Amino acid sequence: MWPAVQQVAAAVATTRLPLLATLRTSAEGGGVEIDDDAYRALLSAVLAACSQDEAARQVVTALDVELARDCVSELAALAGPSGIDVLASAHFFSSAPAEDEIVSVLERMETQGAQVAKVAVMPASQDDVARLLRVAVRARGRLQVPVIAIAMGEDGVISRLAGGVFGSALTFATAGATASAPGQLPVAQVRSAMEELEASEERASAWSGSALEGR
Ligand SMILES: O=C1C[C@@](O)(C(=O)O)C[C@@H](O)[C@@H]1O
């Protein structure tokens, strides 16, 4: 197993948490400068390591593959036999694309074999955030695979806390002090907001149930 994978394996082994292995490149908000061939080779090597080494396989639950790198289909085919899911991702930092365009990006991810489709956009306004939440609602109705829709930055915080209400399958939070994207909040804060939302939904549902019975 590679030393870096070993370190991650040791860190997560005791938690039994699923791991989404991610190489976030600079073009998509991360810190890694890498060309397409090297990107594809590196992710393929992670999958090969997982298929040859049961300990590595136990660590990696899913692999993030950036759609723009044009290798989602290839890596999804490689990942299939080891049962590792491919989460295709696209990040839009400079402007939020039109609603139809974001939906079609998510559809392309599914068509290319991803098991999860994710977009993150940097909103310039509350209108962009509302559009992103609408994308989640539409994509949930159209795609077979789970969809993740995140609006970054301060305006987008609501999408990180309440995206699930609109059909977004998961959210991202910080485990330590450093956020890997603007707008990420500490996991404890996100968990408590989500629990509060869920409890409110249950209260509302119980209220509607008793109101109907009272008719
Ligand atoms: O995929 C994600 C989610 C993310 O884009 C976010 O907005 O929280 C941040 C990225 O670092 C991470 O890899």
Side-chain angles (χ1 to χ4, degrees), residues 4-5 7-8 11-12 17-34 39-40 42-43 46-47 59-69 71-72 75-76 79 84-97 101-102 105-106 108-110 112 114-126 128-133 135-136 139 143 145-191 193-194:
V5 177
Q7 270 177 12
V8 175
V12 296
L17 291 173
L19 179 79
L20 168 60
T22 303
L23 176 73
R24 182 64 64 235
T25 65
S26 49
E28 308 251 351
V32 183
E33 288 281 353
I34 191 169
Y39 178 84
R40 184 187 310 229
L42 216 149
L43 266 53
V46 169
L47 291 173
V59 174
V60 179
T61 311
L63 180 70
D64 183 297
V65 181
E66 295 172 358
L67 183 71
R69 296 290 174 159
C71 56
V72 170
L75 292 172
I84 293 174
D85 286 337
V86 162
L87 180 155
S89 67
H91 304 77
F92 301 93
F93 279 93
S94 48
S95 60
E101 198 183 326
I102 309 179
V105 163
L106 291 164
R108 226 177 315 140
M109 291 170 174
E110 178 175 60
Q112 292 182 18
Q115 280 80 27
V116 185
K118 185 206 118 175
V119 287
V121 305
M122 179 59 89
S125 63
Q126 291 292 345
D128 284 348
V129 179
R131 195 158 76 236
L132 202 267
L133 293 173
V135 163
L143 275 72
V145 300
V147 168
I148 304 167
I150 292 171
M152 296 181 277
E154 194 184 327
D155 281 345
V157 161
I158 185 68
S159 74
R160 295 186 183 276
L161 302 176
V165 174
F166 299 87
S168 187
L170 66 81
T171 191
F172 290 80
T174 59
T178 322
S180 69
Q184 268 181 6
L185 300 168
V187 68
Q189 206 174 331
V190 173
R191 185 172 284 143
M194 288 173 84

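We number each residue from 1, following the sequence as shown. Here the structure is a predicted model, which is why all the values come from computation and not from measurement. Indexing begins at 1, ligand by ligand and atom by atom, following the structure's order.
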CG on L106 to CD1 on I102, rounded to 0.5 Å
8.0 Å
Sorted by chain and residue number, the side-chain hydrogen bond (donor to acceptor under 3.5 Å, both in side chains) partners of E28 (sequence neighbours excluded) come out as H91
Tell me the salt bridge (Lys or Arg N to Asp or Glu O under 4.0 Å) pairs involving residues 161-176, sequence neighbours left out?
none
Are the side chains of V119 and L132 in contact, using a 4.5 Å heavy-atom criterion?
yes
Those protein residues which place at least one heavy atom below 4.0 Å from ligand 1:
T22, R24, H91, K118, I150, M152, R160, F172, S180, A181, Q184
Within residues 147-163 or reaching into it, pairs that qualify as salt bridge (Lys or Arg N to Asp or Glu O under 4.0 Å) - sequence neighbours excluded
none
Counting distance only, does the side-chain N/O of R40 pair as donor-acceptor with the main-chain N or O of L75 below 3.5 Å?
no
